[in-house]
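Throughout, residue positions are numbered sequentially from 1 according to the sequence presented. Here the structure is a predicted model, which means the values were calculated and not measured.
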Amino acid sequence: MKAIGVDAKQALVDLTLAQPVATGNQLVVAVKAISVNPVDLKLREGVTVETAPKILGYDAVGTVTAVGPDVTKFKVGDRIYYAGSTQVAGANAEYQLVDERLASLAPRTLTDAQAAAMPLTTLTAYELLFEKLQFVGKANQNQKRTLLIINGGGGVGTIMAQLAHWAGITVLATSSPKNADWLRQNQVDVPLDYHKDLYAQVREAGYDSVDAIAILWAPEAYFDVAAKLVKPFGHIGSIVGSPADLPLYLIKNKAASFDWEYMFAKSDADYNVASQGRILQLAARLFDQGVLTTTLTETMTTGINAASLNEAHARVGAGHMTGKLVVTGPFNA
C-alpha cells in the first residue's frame with residue numbers, strides 16, 4: 001500500500017508498505033479523506049532516527065475492509081470516522097489499523113471531506129466542555145451558564161461553540177474581527193476582538209464573570225485575564241502547552257480549577273477508550289439532525305501524497321486557519 005511517513009530528517013516522504021492485517025478488536029480501514037491538525041506538526045518535530053518513518057494522520061473517514069476476530073461494533077463495508085491513536089500508525093496511508101472502540105459510523109449527511117474534518121476537534125471540544133469544565137453534556141441543560149472561548153475561530157473553537165450552544169451555554173469567543181461572522185455562524189453569542197482589551201469587552205457585553213474559560217491559544221498570554229474573569233468555583237481549561245509556568249495562585253482564592261485537555265491521553269493510557277467512540281456516535285447523530293455542522297473550510301483534492309501533505313502542513317503551521325483543512329484521496333505517490 002502507499003503511505004506518507006516522516007523520515008529521520010523530519011521530512012514527509014512517500015512510502016510503499018505492506019498492507020496491515022487486523023487482529024483482536026482492530027479494523028482495517030481504506031482511508032478516503034484526512035484532515036491535518038497542529039498535533040501532526042508537533043509529532044513530526046519529534047521524529048528521530050529511532051522512530052522514523054512515522055506515519056501521522058489523526059482525522060479520517062474510510063471504509064472497513066477487514067475486521068479482527070474480536071470486533072463487535074462494525075462489519076466490512078461500514079463507513080466510519082475517527083481520530084485514532086498516536087501509539088500506532090496514523091491515517092496517512094491507504095490502509096490503517098484502527099481500534100474499534102475509537103471509531104463510529106460516519107455521519108450520513110456529511111461528505112467524506114466534511115466528516116474527516118471533525119473527529120479530533122469534536123473529541124477535544126467535548127472532553128474539555130463536559131469532562132473537564134463540568135458542563136452537563138445534554139441538550140439545553142446549562143441555561144444561564146457562560147463560556148468564554150479564546151481562539152474561537154479555529155477547528156476546536158468552532159465545534160466547541162456549537163456543542164456548547166446545543167447544551168444551552170451562552171458562548172463568548174475571541175477571533176479577528178474579520179471572522180466575527182464565522183463565529184456567529186458557529187453559534188457564538190458574543191464575538192470578541194482578540195486585538196482589544198478582553199476584560200473590558202466581556203464587561204461591556206454585560207458579563208462581570210463567566211462560569212468557564214477555554215484557552216485554545218497561548219495560555220501564558222491569557223491566564224491573567226482568565227483568572228480575573230472566571231467565577232468563584234469556576235473552571236479554566238487549555239489544550240495548548242505553555243512555555244512558561246502559569247500563575248495558578250491567581251485563582252486560589254476563587255477556589256477555581258485549571259485543567260489540561262489532551263485528546264490522546266485516553267488511548268495513550270488505555271483509559272476509558274470506548275468513550276471516544278461513543279462521543280463520535282453522539283456527534284454523528286447531531287450532525288445528521290442538523291444540530292452540528294462541519295467546520296470544514298478548505299479541501300485539497302490533488303490526492304494524498306508527500307507533496308500535498310507538505311502544503312497542508314505549511315498552511316496549518318502558519319497559524320491562520322479558520323475551521324479545518326482536509327486532503328482527499330486517492331493516494332498517489
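The side-chain tip of Lys228 points at the ring of Tyr199 from less than 6.0 angstrom away and within 45° of straight on.
Of the possible donor and acceptor atoms, one in the side chain of Ser308 sits under 3.5 Å from a partner among the backbone N and O of Gly303. Of the possible donor and acceptor atoms, none in the side chain of Asn142 sits under 3.5 Å from a partner among the backbone N and O of Arg145. No donor-acceptor pair under 3.5 Å is formed between the side chain of Gln87 and the backbone N or O of Ser267.
In Trp182, the CH2 atom is crowded: over 12 heavy atoms of neighbouring residues, nucleotides or ligands sit closer than 6.0 Å.
For the pair Leu309/Ile34, a side-chain contact is recorded, criterion being any heavy-atom separation below 4.5 Å from C-beta on. The shortest distance between side-chain heavy atoms of Tyr262 and Asp268 falls below 4.5 Å.
Between Phe264 and Tyr58, the distance from one ring center to the other falls under 6.0 angstrom.
When every heavy atom of Ser242 is checked against every heavy atom of Trp260, the shortest pair comes out as N-CH2, 4.2 Å.
With salt bridges taken as basic N to acidic carboxylate O contacts below 4.0 Å, one links Glu131 and Lys266. For Arg203 and Asp208, the salt-bridge test passes: some basic side-chain N is under 4.0 Å from an acidic carboxylate O.
For Arg101, the salt bridge (Lys or Arg N to Asp or Glu O under 4.0 Å) partners at least two apart in sequence or on another chain are Asp99, Asp270.
Cluster partners of Val76 are absent, since no Ile, Leu, Val, Met, Phe, Trp or Tyr has side-chain heavy atoms less than 4.5 Å from it.
Checked against Leu172 for a side chain to side chain contact (heavy atoms under 4.5 Å, CB included), the options Leu183, Ile149, Val202, Asp189 give a single hit: Val202.
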